[in-house]
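Worth knowing before you read on, the calculation uses all heavy atoms, side chains too, and leaves out hydrogens, waters and symmetry mates. A, B, ... follow the sequence lines: proteins, then strands. Residue 1 opens every chain.
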Amino acid sequence: MREYRPNEIEKKWQAIWEEREPFKASNNSDKPKFYALVEFPYPSAEGLHVGHPRPYTALDVVARKRRMEGYNVLFPMGWDAFGLPTENFAIKNKIHPAIVTKRNIDRFRAQLKSIGFSFDWSREVDTTDPNYYKWTQWIFLKLFEKGLAYKHEMPINWCPSCKVGLANEEVIQGNCERCGGEVVRKVKNQWMLKITEYADRLIDDLELVDYIERVKIQQTNWIGRSEGADIDFQIAGKEDKLRVFTTRPDTLFGSTYMVIAAEHPLIEKYKDEIENIDEIREYQKEVSKKSDFERTELSKEKTGVEIKGIKAINPANGREIPIWISDYVLMTYGTGAIMAVPGHDTRDWEFAKKFNLPIIEVIKGGDIEKEAYTDIEEGVVVNSDFINGMNPKDAKEYMINWLEEKGLGQRRVNFKLRDWVFSRQRYWGEPIPLVHCDKCGWVPVPESELPVLLPDVENYEPTDTGESPLANIRDWVETTCPKCGGPAERETDTMPQWAGSSWYFLRYCDPHNDKELASKEALEYWLPIDWYNGGMEHTTLHLLYSRFWHKFLYDIGVVPGPEPYAKRTSHGMILGDNNEKMSKSRGNVVNPDDIVRDYGADTLRAYEMFIGDFEKSVPWSENGVKGCRRFLERVWKLQDILVEGEGYTKELEGSIHKTIKKVSEDFETLKFNTGIAALMSLLNEFNDHGSIKKEDLKTFLILLNPVAPHITEEIWQSIGLEGYLHEASWPKYDEEKIKDDVIELPIQVNGKVRGTIKVSVDEPQDKIREKAKEDPNISKHLEGKNIVKEIFVPGKIYNIVVK
RNA sequence: GCCGAUGUGGCGGAAUUGGCAGACGCCCACGACUCAAAAUCGUGUACCGUAAUGGUGUGUGGGUUCGACUCCCACCAUCGGCACCA
């Protein structure tokens with residue numbers, strides 16, 4: 001028997017697959033289709049680490065299994081290649097980001113190929129390829145055309161000393177990552193996408209899809225639908241009203257002051273009448289340094305300033321109440337103003353305690369001296385005039401109707417979800433295909449002129465005005481207006497990385513189409529994606545953005561269904577062997593190249609699947625890798641115990657059928673670890689038996705093939721089985737062969753197991769009682785006691801309760 | 001802080017979803033083979049007992065149940081996301 005040499009046989013089989021293309025998907029086939037998708041990677045300069053192959057192997061297992069089950073499988077791969085790290089790397093090393101990107105992609109592709117994934121490489125996509133981003137730009141134009149893209153003032157993180165806008169990640173505790181200086185928030189006019197217009201559908205349509213529950217919950221909570229009312233508070237002695245959104249109109253009588261966001265326009269409007277405007281300005285400056293995250297922290301000490309000189313009137317009781325500004329109210333949520341009800345809102349309560357503002361109890365049930373009473377399900381309304389005595393829920397309804405009748409407010413559904421800030425002041429992204437003309441305003445670039453190419457330039461350093469680097473390239477910026485032909489300027493902001501990844505799965509269906517983003521037939525054939533797996537870190541943003549774009553494309557008739565993904569699952573992270581997140585700075589990164597070189601791709605794949613619960617994060621262990629290599633060595637040696645004969649070995653038949661069932665089910669339900677454990681157990685049984693027949697081995701090889709495709713193909717060929725393993729059919733099990741006739745039934749006395757007895761599956765209770773009493777280990781626990789109760793669960797347990 | 005999740009031997013994990021806790025693998029120990037080592041094969045391996053079909057044991061504290069890793073309540077710890085990292 002020759003030795004198991006993974007490096008040789010893996011190269012051999014990868015060459016054969018390259019040549020024969022068995023994993024190429026067909027756009028017209030009689031077979032049922034199966035579209036399996038994994039999140040395409042960001043091709044970083046560091047290359048792959050062992051975390052990447054985990055989800056890829058998982059869906060590769062599913063894809064390979066489905067092919068053997070007779071499906072036409074689409075399992076594609078591509079590159080999410082625009083983004084900040086590449087741009088920063090390019091600036092630092094003075095290499096063009098396009099060159100860096102190409103280099104990184106080549107490395108990633110070679111690494112992935114060395115692991116033997118069954119991707120259809122003929123459909124590879126790259127978001128930075130003009131033939132790809134042409135269609136990203138096209139989608140943006142459609143959004144613009146339908147009024148879903150608009151300009152709006154939004155704050156960015158601004159480093160005054162570097163004079164650049166920073167990503168949130170580059171802001172470390174309020175300071176610039178590069179120079180350490182203090183970061184402030186600077187308002188810029190940016191392109192926004194109206195995702196909020198789709199908020200209801202993004203929640204409601206979750207009913208149409210099969211996502212793991214925690215993903216649905218995260219999506220729903222992120223969108224954050226809440227029902228309540230807008231209420232207008234008159235500003236005393238003025239025309240203006242101050243509008244608030246509240247989910248608790250039932251507590252309106254308890255509102256003793258108002259709080260507005262530091263950026264609220266009311267302040268500018270009344271600046272001449274505000275007595276302490278300097279104090280207010282000082283506070284605004286402080287707030288501009290904080291992130292929303294810091295501002296809304298519940299546990300932090302409340303801060304704020306009363307606006308002196310203007311007051312509001314509580315519309316329920318006509319009382320004059322003060323207006324404050326505080327950082328815990330955000331301009332981006334609700335209306336940027338709140339009615340404070342300190343008796344029944346935790347943050348308002350803390351604020352009121354600190355600044356000595358009156359706290360009125362309007363819902364009885366708690367102790368508002370100690371803390372805010374926030375329950376809406378229980379309690380009784382008090383101190384509230386005409387709604388006294390109601391329960392808060394009815395009072396809420398009553399108040400909304402009352403407000404509407406009196407013209408003081410109206411029912412409204414509010415969302416936490418905010419519109420999508422779509423502008424970036426960066427070079428390495430898709431140019432936004434719009435032109436600004438003084439006469440015509442914002443004019444779309446005609447479709448025939450797409451793509452708007454990124455200009456090839458030397459310098460992509462940010463400008464010191466906060467504009468995109470593209471703003472410096474005057475001969476690119478200066479153009480003519482497509483509408484009037486007059487002089488005009490191109491938009492210099494680029495799109496965020498999210499843009500390209502919001503529709504890439506559509507391009508896979510028809511990646512070389514130069515007339516459309518993908519043909520209608522291809523989209524109708526492949527969509528929806530049958531199974532999409534990705535990290536939990538993408539459950540809110542990427543998933544939501546791509547669902548939003550898909551729904552938009554559905555509305556304009558481009559895609560055939562309202563949801564892109566029929567099923568979504570999630571994997572856990574692979575940590576370093578010190579149990580920390582793998583990162584260069586922590587020095588715990590494991591490169592899959594090393595594992596492939598030292599142990600082989602099949603060992604890497606088997607370990608990635610065997611390492612632990614697929615959905616949980618787990619530390620890497622080199623010893624675990626060795627264990628999987630040993631397993632494959634033992635698989636290889638099965639060739640030594642092969643004997644002549646037809647069919648399954650009689651004594652092994654039951655186990656083989658059980659294993660087929662177990663593996664078939666586990667590979668579909670993310671339980672790859674126990675599927676492999678079942679194969680290990682079967683292997684141990686083979687070895688205990690001492691000999692196997694060809695049919696036994698054949699079935700074993702097919703079951704193991706999705707996990708370890710190279711070694712199984714090699715053994716298949718070397719024992720003279722016909723054709724290629726990847727053309728074989730997935731085995732079926734026989735339910736009759738799985739049943740056990742005799743089982744070991746555990747016998748409990750008072751819930752403690754005191755012995756087991758052998759019984760046939762359909763043994764009646766009387767017989768079991770008799771047999772149990774005969775067993776000395778059991779009967780000694782029954783002696784001198786009364787049997788109070790007996791519980792018999794056939795096939796599971798027999799419990800005798802004594803006193 | 002808010003939203004979501006997780007917690008079981010020395011380690012990764014398993015448990016038919018309320019019915020024998022610890023499958024499978026790693027580590028470790030001992031034995032076989034070897035001049036020796038590695039590799040391989042075999043045996044053992046939750047903890048406390050010399051031992052027992054003894055006792056204890058699934059983050060902590062309480063509860064429901066004939067029976068709880070599994071259900072309920074309270075708490076603690078860790079991880080993911082928080083809108084310009086991807």
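OP1 or OP2 of A15(B) has at least one side-chain nitrogen or oxygen of K671(A) nearer than 4.0 Å. Not one side-chain nitrogen or oxygen of K616(A) sits closer than 4.0 Å to the OP1 or OP2 atom of U6(B). Distances shown here put a side-chain N or O of N221(A) below 4.0 Å from the OP1 or OP2 atom of G4(B). At the phosphate of C84(B), neither OP1 nor OP2 sits under 4.0 Å from any side-chain N or O atom of R185(A). For R347(A) and G1(B), the shortest distance from a side-chain N or O to OP1 or OP2 is not below 4.0 Å. Residue R214(A) places none of its side-chain N or O atoms closer than 4.0 Å to OP1 or OP2 of A5(B). The shortest distance between the side-chain N/O atoms of N168(A) and the OP1/OP2 oxygens of A83(B) is below 4.0 Å. Using a 4.0 Å cut-off, some side-chain N or O of H781(A) falls inside it from OP1 or OP2 of G54(B).
The aromatic rings of W420(A) and W549(A) lie tilted to each other, with the angle between the two planes from 30° to 60°. The aromatic rings of F140(A) and W191(A) stand perpendicular to each other, their planes meeting at an angle above 60°, with 30° marking the opposite boundary.
Classification of K188(A) and E153(A) as a salt-bridged pair fails, no side-chain N sitting under 4.0 Å from a carboxylate O. A salt bridge links R586(A) with E580(A): at least one charged nitrogen is closer than 4.0 Å to a carboxylate oxygen.
When each of A83(B), U17(B), C84(B) is scored by its nearest atom to the side-chain atoms of I156(A), the top-ranked nucleotide is C84(B). Of the candidates C20(B), A83(B), G19(B), C20(B) carries the atom nearest the E744(A) side chain, counting heavy atoms from C-beta on. Between C20(B), G12(B), G80(B), one nucleotide has an atom nearer to the side chain of T756(A) than all others, and that is C20(B). Side-chain proximity of F610(A) to the nucleotides G13(B), C85(B), C24(B) is greatest for C24(B). When distances are taken from the side chain of H538(A) to each of A86(B), G81(B), A23(B), the shortest belongs to A86(B). Distance from the side chain of A167(A) is smallest for C85(B) among the nucleotides C26(B), A86(B), C85(B).
Nucleotide G80(B) forms a pair with C3(B), judged by Watson-Crick or G-U wobble geometry with both contacts under 3.5 Å. Across the strands present, U56(B) finds its partner in A46(B); the criterion is a Watson-Crick or G-U wobble pair with both atom distances under 3.5 angstrom. Base-pair partner of A23(B): not found among the strands shown (Watson-Crick or G-U wobble, both distances under 3.5 Å). Judged by Watson-Crick or G-U wobble contacts below 3.5 Å, the nucleotide U70(B) has no partner.
Between the side chain of N799(A) and the base of C66(B), at least one donor-acceptor pair of N or O atoms lies under 3.5 Å.
I676(A) places its CD1 atom 13 Å from the P atom of C26(B), with the value rounded to the nearest Å.
Using a 90° window around 0 for the glycosidic torsion, U17(B) falls inside it and is classed as syn.
Checked against E633(A) for a side-chain hydrogen bond (donor to acceptor under 3.5 Å, both in side chains), the options R630(A), K637(A), R629(A) give a single hit: R629(A).
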